[in-house]
2 protein chains.
Amino acid sequence: MNVTATQASHPTDQCLKVSQVLARIGDKWSLLIVTRLGEGPMRFGQLLRSIDDISQRMLTRTLRGLERDGLVRRTVIPTLPPRVDYELTELGRSLQAPVTVLSNWAVENAPAMDAARASYDADPADRDG
Amino acid sequence: MNVTATQASHPTDQCLKVSQVLARIGDKWSLLIVTRLGEGPMRFGQLLRSIDDISQRMLTRTLRGLERDGLVRRTVIPTLPPRVDYELTELGRSLQAPVTVLSNWAVENAPAMDAARASYDADPADRDG
DNA sequence: CGGAATCCAGTTGGATACTG
DNA sequence: CAGTATCCAACTGGATTCCG
């Protein structure tokens, strides 16, 4: 693989891996779930209520995807009614730091992006001249 | 806004902003384009050829989106044939660092994710028991 | 060269109803 | 409680065609 650079300019090959990771966490709910689970293990119902705009179906599907990729561990306690706990794996926790960096950037620069978008939408003429 | 934490546990409000950013860079092409433009300004055709799996339509659309959000600046030189240069704005360049962190994580952990996925797909029975 | 417009397939994700 | 199954609307993104 020969990765020496820790800073930038990835060859095309590595861009693909980044795209794959983004495809995993870049959907509508994954990051939100990882962030919630970063606070500690949670039951299915807890997650469902703490995110609350998410549908049951999407919570199930997203958790399955995260479990499949080794980011989340699912533990079934076959009581009645059943109880299912979710928690981040070590791989999942290792993702927290990069996500935090991105989160901080997002929080800091969201106003700038909003302003840019508002400005862009304001005068469609001002650009192509 | 009152953001003091630089490390973790974002309240729900800030998670929305992160989701918005991910919606912006989490699509199929945005990050690839930002990475390319991180190497310097490029013309439309250069970008089209350097990514080359991208369709003309998606390159145009993605660039428009990035421009709209203030990450990319578009400069038209109305010669014949016309020439259009794209470059990162300051905001766009500020995104490079967070993206690099995520990229490095992706490159380092892609094998682990692949392995987890392979293992998950291998024995569907081994989990729910 | 750098688009815009149109058309179309595949995917995402929500609502609802049902199950062990 | 924690799902699964079905149906459906909206969005994404590719192929093609046309334009200044």
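Below, each value reflects all heavy atoms present in this structure, side chains not excepted, and no hydrogens, waters or symmetry copies. Here the structure is a predicted model, which is why all the values come from computation and not from measurement. The sequence lines fix the lettering, A, B, ..., with proteins before strands; numbering per chain opens at 1.
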Between atom [atom1] in [X] and atom [atom2] in [N], what is the gap in whole Å?
| X | N | atom1 | atom2 | result |
| --- | --- | --- | --- | --- |
| M42(B) | dG2(C) | CE | P | 11 Å |
| D27(B) | dG10(C) | CG | P | 21 Å |
| I77(B) | dG20(D) | CD1 | C1' | 17 Å |
| D85(B) | dG2(C) | CG | P | 8 Å |
| R61(A) | dT12(C) | CZ | C1' | 7 Å |
| F44(A) | dA2(D) | CZ | C1' | 6 Å |
| L59(A) | dA15(C) | CG | P | 14 Å |
| L63(A) | dA2(D) | CG | P | 11 Å |

Can you find a side chain N or O atom of [X] that sits less than 4.0 Å from OP1 or OP2 on [N]?
| X | N | answer |
| --- | --- | --- |
| R74(A) | dG3(D) | yes |
| K28(B) | dG14(D) | yes |
| Y86(A) | dG3(D) | yes |

Could you check which of [options] has an atom nearest any side-chain atom of [X]?
| X | options | value |
| --- | --- | --- |
| S55(A) | dG14(C), dG14(D), dG3(D) | dG14(C) |
| T60(B) | dG14(C), dA2(D), dG3(C) | dG3(C) |
| P82(A) | dC1(D), dG3(D), dG2(C) | dC1(D) |
| P81(B) | dC1(C), dC1(D), dA4(C) | dC1(C) |
| Q56(A) | dG2(C), dG13(D), dT4(D) | dT4(D) |

Got a second to check how far [X]'s [atom1] is from [Y]'s [atom2], nearest 0.5 Å?
| X | Y | atom1 | atom2 | value |
| --- | --- | --- | --- | --- |
| L32(B) | S50(B) | CG | OG | 8.0 Å |
| L59(A) | R64(A) | CG | CZ | 9.5 Å |
| M58(B) | I33(B) | CE | CD1 | 8.5 Å |
| E90(B) | R73(B) | CD | CZ | 9.0 Å |

Report yes or no: is there a donor-acceptor pair, N or O only, under 3.5 Å between the side chain of R57(A) and the base of dG3(D)? no
Sole residue of V99(B), I25(B), L88(B) in side-chain contact (heavy atoms from CB on, under 4.5 Å) with V34(B):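 The single option meeting the side-chain contact (heavy atoms from CB on, under 4.5 Å) with V34(B) is L88(B).
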